[in-house]
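Below: one structure, written as structure tokens.
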2 protein chains.
Amino acid sequence: MPSTADYVKIADQIVADIQSGKVQPGDKLPSLAEMAEIYGVSTSTIQMVNVRLLALRVIRRHQGKGIYATDPKTWMREP
Amino acid sequence: MPSTADYVKIADQIVADIQSGKVQPGDKLPSLAEMAEIYGVSTSTIQMVNVRLLALRVIRRHQGKGIYATDPKTWMREP
DNA sequence: CCACATTTGTCCGTATGTATC
DNA sequence: AGATACATACGGACAAATGTG
């Protein structure tokens with residue numbers, strides 16, 4: 001049984017939080033350091049989460065400001 | 001002008017190579033070490049490329065074997 | 001305008017694990 | 001058993017953007 005990687009699990013969790021409305025589009029997510037603390041991983045792992053979520057357009061990053069949730073309507077989806 | 005990151009440029013180039021037919025679905029891509037050599041970056045950067053391309057389903061990775069191109073018809077796309 | 005702290009952005013090197021050949 | 005190759009995670013270094021004082 002191939003267990004899912006931490007960075008995929010964390011990314012999926014964030015996706016679920018936005019889809020459920022727990023996190024609203026435009027909301028600022030915790031900082032890199034805070035997320036590393038929350039999920040018990042390094043900031044490097046959180047960066048992989050961000051690369052994944054950015055490719056899917058689930059988040060937008062603004063250097064020096066923060067990371068923000070987008071509208072699920074704009075997400076990438078299967079063909 | 002925001003300069004694009006290396007890992008995004010490399011990922012986009014691989015996407016273009018598949019879309020143009022230069023790389024066919026099912027083709028094996030160069031190994032991590034070879035790609036790092038080809039593009040003049042570290043294997044860590046190539047891993048970021050893979051995280052991005054995997055999220056978009058442009059590649060499939062098979063541990064111990066290699067990395068393979070998928071059919072563009074199965075890629076993620078905008079809504 | 002300048003100095004500083006905070007935060008994200010990118011890249012690198014390394015260690016360890018797992019799958020394949 | 002050994003070599004090769006991908007998979008994941010970590011820590012560090014430096015840059016760039018922002019906000020505050």
Side-chain angles (χ1 to χ4, degrees), chain A residues 1-18 23-71 74-76, chain B residues 1-18 23-71 74-76:
Chain A
M1 274 280 285
S3 62
T4 309
D6 287 355
Y7 83 90
V8 175
K9 280 192 255 185
I10 296 171
D12 288 351
Q13 170 106 50
I14 293 172
V15 165
D17 286 347
I18 300 177
V23 175
Q24 297 287 323
D27 279 0
K28 185 178 184 298
L29 301 180
S31 72
L32 292 180
E34 286 170 338
M35 293 186 73
E37 180 75 17
I38 291 170
Y39 294 104
V41 296
S42 71
T43 57
S44 307
T45 299
I46 299 296
Q47 292 288 27
M48 297 215 294
V49 172
N50 289 346
V51 168
R52 183 179 172 89
L53 293 181
L54 199 61
L56 299 174
R57 302 190 184 181
V58 171
I59 59 172
R60 291 188 56 184
R61 300 185 295 180
H62 294 283
Q63 196 166 334
K65 289 185 65 178
I67 299 170
Y68 300 86
T70 64
D71 190 324
T74 68
W75 291 359
M76 303 288 275
Chain B
M1 279 281 284
S3 62
T4 308
D6 287 354
Y7 81 91
V8 174
K9 278 191 257 184
I10 296 170
D12 287 351
Q13 177 155 348
I14 292 172
V15 164
D17 285 347
I18 299 177
V23 175
Q24 298 286 325
D27 279 1
K28 185 177 183 303
L29 302 180
S31 72
L32 292 180
E34 286 170 338
M35 292 186 72
E37 179 76 19
I38 291 170
Y39 293 104
V41 296
S42 71
T43 56
S44 307
T45 299
I46 298 296
Q47 292 288 24
M48 288 295 178
V49 172
N50 289 347
V51 168
R52 182 179 172 88
L53 293 181
L54 197 61
L56 299 174
R57 303 190 184 181
V58 171
I59 58 171
R60 284 224 171 79
R61 302 185 293 181
H62 294 282
Q63 198 166 333
K65 289 185 63 177
I67 300 170
Y68 300 85
T70 64
D71 190 324
T74 67
W75 292 359
M76 303 288 276

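Within every chain, numbering begins at 1; the chains are lettered A, B, ... in the order of the sequence lines, protein sequences first and strands thereafter. Quick caveat: nothing in here was measured; it's all calculated off a predicted structure.
Put simply, CD1 on B:I67 is 5 Å from P on D:dC6, counting in whole angstrom units. Atom pair A:L32:CG and D:dG11:C1' shows a separation of 14 Å (rounding to whole Å applied). Separating the CG atom of A:N50 from the C1' atom of D:dA9 is a distance of 15 Å, rounded to the nearest angstrom. As rounded to whole Å, 11 Å separates atom P of D:dG19 from atom NZ of A:K28. In this structure, the CD atom of A:Q63 is 6 Å from the P atom of D:dA17, given to the nearest Å. Spacing between atom CD of B:Q47 and atom P of D:dA5 amounts to 14 Å, rounded to whole angstrom units. Rounded to whole Å, the distance from NZ on A:K65 to P on C:dG9 is 12 Å. Spacing between atom CE of B:M35 and atom P of D:dT4 amounts to 20 Å, rounded to whole angstrom units.
For the pair A:M76 and A:R57, the tightest heavy-atom approach, listed with the atom from each and the gap, is SD-NE, 3.9 Å.
Residue B:S44 is classed as a base contact, given a heavy-atom separation below 4.0 Å to a base. Within the nucleic acid shown, A:D6 comes within 4.0 Å of sugar-phosphate atoms alone, with no base atom in reach, counting heavy atoms only.
Taking only side-chain nitrogens and oxygens, B:T45 comes nearer than 4.0 Å to OP1 or OP2 of C:dC12. The shortest distance between the side-chain N/O atoms of B:R61 and the OP1/OP2 oxygens of D:dC6 is not below 4.0 Å. Residue A:Y7 places none of its side-chain N or O atoms closer than 4.0 Å to OP1 or OP2 of D:dA9.
Where B:E34 and A:A5 meet DNA chain D, the nucleotide closest to each residue was compared, and B:E34 sits on the side nearer the 5' end. Heavy-atom distances to DNA chain D give each of B:L54 and A:H62 a nearest nucleotide, and the one nearer the 5′ end belongs to B:L54.
At least one side-chain heavy atom of A:T45 sits under 4.5 Å from a side-chain heavy atom of A:Y7. Between A:D6 and A:K9 the shortest side-chain heavy-atom distance falls below 4.5 Å.
For the atom pair CE of B:M48 and CD of A:Q47, the computed distance is 7.0 Å after rounding to the nearest 0.5 Å.
Comparing C:dG9, D:dT8, C:dC12 by their nearest atom to the side chain of B:S42 picks out C:dC12.
No option in B:I14, B:V58, B:I67, B:D12 other than B:I14 meets the side-chain contact (heavy atoms from CB on, under 4.5 Å) test with B:V49.
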